[in-house]
**Q** 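First, the structure itself, so that you have it in front of you.
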Amino acid sequence: MKLNLKYTEKFIELSEKENLQKTADDSNNKLHDKTGKGNDFLGWVELPNVIKNELIEDIEKTAKEIRKNIDTMVVIGIGGSYLGAKAVIEALSDNFSYLKSENKMQVVFAGQNLSEDYLYELRELLKNKSYGLCVISKSGTTTEPAVAFRILKKDIEEKYGKAQARKRIIAITDKQKGALKKLAQIEGYKTYEIADDIGGRFSVLTPVGLLPIAIAGFDIKQIIEGAKNIYKKSADNNSENYAIIRNTLYNKGFTIEMMANYNPKLHYFAEWWKQLYGESEGKEHKGIFPASVDFTSDLHSMGQYIQDGKRNLFETTISVKEPKYKLTLPENEENLDNLNYLSGKRIDYINKNAELGTTLAHVSGGVPNIKIEIPELNEYYIGELIYFFEKACGISAYMLDVNPFDQPGVEDYKRNMFALLGKPGFESENLLK
């Protein structure tokens with residue numbers, strides 16, 4: 001993984017970066033020394049180096065057994081309980097795997113929304129599938145996944161009987177308490193623990209992310225190895241440098257960061273990144289607003305604004321150096337599309353020049369660009385990206401002097417929703433009187 005800051009240089013004075021270096025160093029030290037805000041939730045910092053082989057092997061064994069007997073696994077969770085797994089699975093999967101019958105195992109998601117149509121259509125799909133449920137919730141009472149699980153649990157028990165259904169349900173939850181933990185004990189579900197010191201958006205490298213990824217058929221050991229490589233190279237300070245640049249830009253009025261990719265497989269990686277940074281930094285009326293675009297597609301919808309709109313945004317581009325496959329543009333005798341000048345060129349050559357041309361245009365138009373390049377899209381480099389962004393997020397939030405590991409603002413909508421729904425205990429919050 002390479003961090004390229006060349007296209008931020010015209011926007012930032014060297015002294016401005018130097019002024020933040022000590023703050024970044026101190027913030028990094030707080031993560032490792034556990035002396036910063038929210039230090040009860042720093043278990044992820046050392047995780048790549050301390051995760052036990054026994055746990056990885058147990059997850060792989062469970063995934064192997066599931067893949068023998070089940071063709072569809074429904075992962076039930078919201079926020080960090082599904083976005084990390086979804087991001088990695090989408091990044092590593094064939095773009096059209098859901099249409100290819102030879103890909104026996106499909107991982108689908110539920111509990112990440114309250115759409116009645118979504119749940120209805122999912123249930124219709126599952127009628128003709130041999131399926132299981134992986135429910136992920138620390139408490140077991142978060143509304144969206146709890147609603148989905150109540151419905152899907154009833155369905156799976158009716159389809160297979162309670163005894164067989166128990167073998168098809170896995171719970172990832174608190175190790176001691178909570179509604180889901182209690183239910184898992186009563187029913188005898190296979191369980192994995194959500195560590196007390198790792199919050200949801202930092203949980204990709206725990207069973208929360210690793211089990212669904214392994215069920216989908218990917219090498220979780222390589223993901224851990226990639227994360228471990230960044231952990232070992234923490235002295236190289238790529239995460240610090242990224243945090244310094246984005247905070248320097250923020251101090252100069254660049255308040256929106258767009259993650260851009262040129263590979264559609266990275267769409268959900270950006271969704272995971274948006275939660276990581278938005279929920280970690282957006283407090284006390286501070287923080288960079290995280291957005292995302294898929295290029296070149298969005299150049300035909302968002303490109304005009306990015307080029308000529310309000311100058312308060314910067315881009316972070318994830319670039320994949322080498323695609324998995326090779327495809328060249330053929331010669332055409334009529335050449336009505338005027339593309340023969342590209343005949344024999346790889347599609348990726350065209351894509352990379354679109355990437356460079358876009359970067360140069362945006363930078364000249366006043367949009368700084370941070371480039372992060374990985375050699376290829378595989379488990380190892382996804383593991384690198386995950387840990388790099390997690391580490392930089394912790395540093396960056398501490399540089400803003402906010403707690404990266406709480407989310408007090410999320411509770412506001414919940415209180416309102418519970419009051420409107422008439423949940424016992426929320427009667428005093430009646431918003432409509």
Side-chain angles (χ1 to χ4, degrees), residues 2-33 35-39 45 201-202 234 236-260 270 273-293 302 305-318 359-372 385 388-409:
K2 294 180 180 178
L3 177 67
N4 185 341
L5 303 174
K6 174 182 177 181
Y7 295 110
T8 65
E9 291 173 355
K10 66 177 282 187
F11 301 93
I12 296 173
E13 298 291 334
L14 181 61
S15 60
E16 291 175 314
K17 291 191 289 186
E18 290 174 342
N19 288 341
L20 286 181
Q21 184 65 59
K22 185 178 186 306
T23 305
D25 289 340
D26 291 344
S27 297
N28 199 353
N29 289 334
K30 286 177 182 178
L31 291 176
H32 287 277
D33 299 341
T35 55
K37 295 179 178 180
N39 52 29
V45 176
R201 56 189 177 274
F202 290 85
S234 57
D236 292 346
N237 291 327
N238 266 347
S239 293
E240 271 196 34
N241 289 334
Y242 175 56
I244 288 170
I245 291 299
R246 63 194 305 276
N247 277 279
T248 303
L249 290 169
Y250 175 64
N251 291 340
K252 294 173 74 70
F254 293 96
T255 57
I256 298 172
E257 179 178 11
M258 295 185 309
M259 175 168 282
W273 171 85
K274 285 194 289 189
Q275 187 206 3
L276 181 66
Y277 281 79
E279 204 165 54
S280 297
E281 290 191 325
K283 292 151 197 176
E284 301 173 27
H285 299 174
K286 300 177 185 177
I288 298 168
F289 183 83
S292 62
V293 283
M302 296 297 294
Y305 187 95
I306 297 167
Q307 190 68 42
D308 286 337
K310 188 173 175 63
R311 300 296 77 183
N312 64 338
L313 54 88
F314 65 99
E315 289 176 302
T316 294
T317 299
I318 299 182
T359 298
L360 294 173
H362 289 177
V363 170
S364 68
V367 179
N369 186 285
I370 299 168
K371 180 177 177 180
I372 298 166
L385 284 176
F388 162 78
F389 280 118
E390 287 182 346
K391 188 72 177 295
C393 182
I395 295 169
S396 187
Y398 278 161
M399 291 176 73
L400 288 171
D401 193 29
V402 298
N403 181 350
F405 310 113
D406 65 357
Q407 48 279 335

**Q** Just to verify, what does Asn369 make a side-chain contact (heavy atoms from CB on, under 4.5 Å) with, not counting sequence neighbours?
**A** Tyr7, Glu315, Thr317, Thr359, Val363, Lys371
**Q** Suppose we screen for ring pair (Phe, Tyr, Trp, His ring centres under 6.0 Å). Which residues come up paired with Tyr277, at least two apart in sequence or across chains?
**A** Trp273
**Q** According to ring pair (Phe, Tyr, Trp, His ring centres under 6.0 Å), who are the partners of Phe202, at least two apart in sequence or on a separate chain?
**A** Trp44, Phe405
**Q** Sequence neighbours left out, what passes side-chain hydrogen bond (donor to acceptor under 3.5 Å, both in side chains) with Asp406? Give chain and number order.
**A** Lys283
**Q** For Asp25, enumerate each residue passing the salt bridge (Lys or Arg N to Asp or Glu O under 4.0 Å) test, keeping only those at least two apart in sequence or located in another chain.
**A** none
**Q** By side-chain contact (heavy atoms from CB on, under 4.5 Å), which residues pair with Lys286, not counting sequence neighbours?
**A** Tyr250, Glu284, Asp401, Val402
**Q** Can you name the residues that form a salt bridge (Lys or Arg N to Asp or Glu O under 4.0 Å) with Arg246, not counting sequence neighbours?
**A** Glu257, Glu281
**Q** I'd like to check the side-chain contact (heavy atoms from CB on, under 4.5 Å) partners of Asn39; sequence neighbours left out, ordered by chain and number.
**A** Lys34, Leu42
**Q** Could you label the plane-to-plane angle of the Phe11 and Phe254 rings as parallel, tilted or perpendicular, counting under 30° as parallel and over 60° as perpendicular?
**A** perpendicular
**Q** Salt bridge check: are Asp26 and Lys22 linked by an N-O gap of less than 4.0 Å?
**A** yes
**Q** Could you tell me which residues satisfy side-chain contact (heavy atoms from CB on, under 4.5 Å) with Glu16, sequence neighbours excluded, listed by chain and number?
**A** Ile12, Glu13, Thr248, Lys252
**Q** Sequence neighbours left out, what passes salt bridge (Lys or Arg N to Asp or Glu O under 4.0 Å) with Glu390? Give chain and number order.
**A** none
**Q** For Lys10, give me all partners under salt bridge (Lys or Arg N to Asp or Glu O under 4.0 Å), at least two apart in sequence or on another chain.
**A** none
**Q** List in chain and number order the residues that pass side-chain hydrogen bond (donor to acceptor under 3.5 Å, both in side chains) with Ser27, two or more places apart in sequence or in another chain; answer none if no residue qualifies.
**A** none
